[in-house]
2 protein chains.
Amino acid sequence: MANPVVIPTQIDERFAVGELVAAIAQDAQSKDVLMLGWMNKQALTQTLETGDVTYWSRSRNELWQKGATSGHTQKLVSIAFDCDADAVLLQVHQVGAACHTGQRTCFHNEIDTDFE
Amino acid sequence: MANPVVIPTQIDERFAVGELVAAIAQDAQSKDVLMLGWMNKQALTQTLETGDVTYWSRSRNELWQKGATSGHTQKLVSIAFDCDADAVLLQVHQVGAACHTGQRTCFHNEIDTDFE
């Protein structure tokens, strides 16, 4: 049996009061930021145990193993959390497109700026 | 006079119902993800107008021009929003450390995984 995963105390305290943590997925090779999802304790635990990135869908209120339907899975390479423990950064191997639109990344809409 | 900035309609609809958008700052050169902040309409407008990245501090309930106190500013290079318009990805030139701890990035705490 594998040892149980250990969720850092600072993150667990957020889960304990019903908060989710933001989860940023970054392509481990290209370094492109692919998407932003959310995790509850079950999603983070499953991700750490299996290496298959799993989010909590806020719209559907259910666990969402990325790519379970589409085949566009995310395999976890490494994971870190931020200084106030409300976000995690996932380095992943992305199979296919991260975005449901078929684009590689969800951040494919540029905004015009005015300061140039 | 510069033209007024245009906030994409999908994002503006979120602001109109009181939502914030998540804002991921990525170093435009190293591609390191530096931090996750939040923006309201005023923060995004100011960022687009000035090129000085400005967040909305949820803990202090005030605009927070990154580096205004510390000197560790973020100069906007480009910005994109995601497919469901609840997050923006900022490419920035980071002056000094992004994290208040003095680390380059806020994501400096690795989590052990169990699937290797």
Side-chain angles (χ1 to χ4, degrees), chain A residues 2-8 10-11 21-27 30-38 44-45 47-52 58-59 75-91 98-103 105-116, chain B residues 2-8 10-11 21-27 30-38 44-45 47-52 58-59 75-91 98-103 105-116:
Chain A
N3 294 321
V5 298
V6 177
I7 292 180
Q10 305 97 307
I11 296 179
V21 297
I24 303 163
Q26 182 173 33
D27 188 299
S30 71
K31 298 299 179 188
D32 288 341
V33 173
L34 299 171
M35 58 176 282
L36 176 75
W38 296 89
L44 179 56
T45 301
T47 298
L48 294 175
E49 282 180 348
T50 66
D52 294 312
R58 297 185 303 173
S59 56
K75 296 290 180 182
L76 187 65
V77 175
S78 64
I79 178 170
F81 64 100
D82 71 348
C83 55
D84 58 357
D86 64 357
V88 293
L89 175 62
L90 316 164
Q91 302 293 332
C99 189
H100 73 286
T101 62
Q103 302 252 11
T105 155
C106 292
F107 293 95
H108 52 263
N109 304 296
E110 286 282 325
I111 303 177
D112 288 334
T113 58
D114 196 46
F115 57 86
E116 293 96 342
Chain B
N3 294 321
V5 298
V6 177
I7 291 180
Q10 305 98 305
I11 296 180
V21 297
I24 302 163
Q26 181 174 32
D27 188 300
S30 71
K31 298 301 179 188
D32 288 340
V33 173
L34 299 170
M35 56 176 282
L36 176 76
W38 296 88
L44 179 56
T45 301
T47 298
L48 293 175
E49 282 179 350
T50 66
D52 295 311
R58 296 186 302 173
S59 56
K75 296 290 181 183
L76 188 64
V77 175
S78 64
I79 178 169
F81 64 100
D82 71 348
C83 54
D84 58 357
D86 65 357
V88 293
L89 175 63
L90 317 164
Q91 302 293 333
C99 189
H100 73 286
T101 62
Q103 302 251 12
T105 155
C106 293
F107 293 96
H108 53 262
N109 303 297
E110 286 281 325
I111 303 177
D112 288 333
T113 57
D114 195 47
F115 58 85
E116 294 98 339

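Just so it is clear: chains get the letters A, B, ... in the order the sequence lines come, proteins before strands, and each one is counted from 1. Scope of the values below: all heavy atoms of this structure, side chains included, with no hydrogens, waters or symmetry mates.
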Determine the option with the most heavy-atom pairs under 4.5 angstrom with chain A, choosing from Val6(B), Val33(B), Asp32(B). Val33(B)
Thr105(B): which residues meet the side-chain contact (heavy atoms from CB on, under 4.5 Å) condition with it, sequence neighbours left out? Leu34(B), Phe107(B)
For His108(A), all residues meeting side-chain contact (heavy atoms from CB on, under 4.5 Å), sequence neighbours excluded: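 Result, side-chain contact (heavy atoms from CB on, under 4.5 Å) vs His108(A): Cys99(A), Thr101(A), Gln103(A), Cys83(B).
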What distance separates Leu36(A) CG from Asp82(B) CG, expressed to the nearest 0.5 Å?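 With rounding to 0.5 Å, CG (Leu36(A)) is 7.0 Å from CG (Asp82(B)).
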Go through the atoms of Leu89(A) and report whether side chain, backbone, both or neither lie under 4.5 Å from a heavy atom of chain B. both
Between Gln26(A) and chain B, which part of the residue has a heavy atom less than 4.5 Å away: side chain, backbone, both or neither? side chain
Among Val88(A), Thr47(A), Ile7(A), which one satisfies side-chain contact (heavy atoms from CB on, under 4.5 Å) with Ile111(B)?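 With Ile111(B) as partner, Val88(A), Thr47(A), Ile7(A) yield a single side-chain contact (heavy atoms from CB on, under 4.5 Å), made by Val88(A).
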Using the rule given for salt bridge (Lys or Arg N to Asp or Glu O under 4.0 Å), can you reason through Arg58(A) versus Asp84(B), listing the C-alpha separation, both sets of side-chain angles and the distance that settles it, and then say yes or no? CA-CA 12 Å; Arg58(A) 297 185 303 173; Asp84(B) 58 357; 6.0 Å; no
Does the side chain of Ile79(B) reach to within under 4.5 Å of the side chain of Thr113(A), using non-hydrogen atoms? yes
Side chain, backbone, both or neither: which part of Ile11(B) has a heavy atom under 4.5 Å from chain A?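 Answer is side chain: those atoms of Ile11(B) sit under 4.5 Å from chain A.
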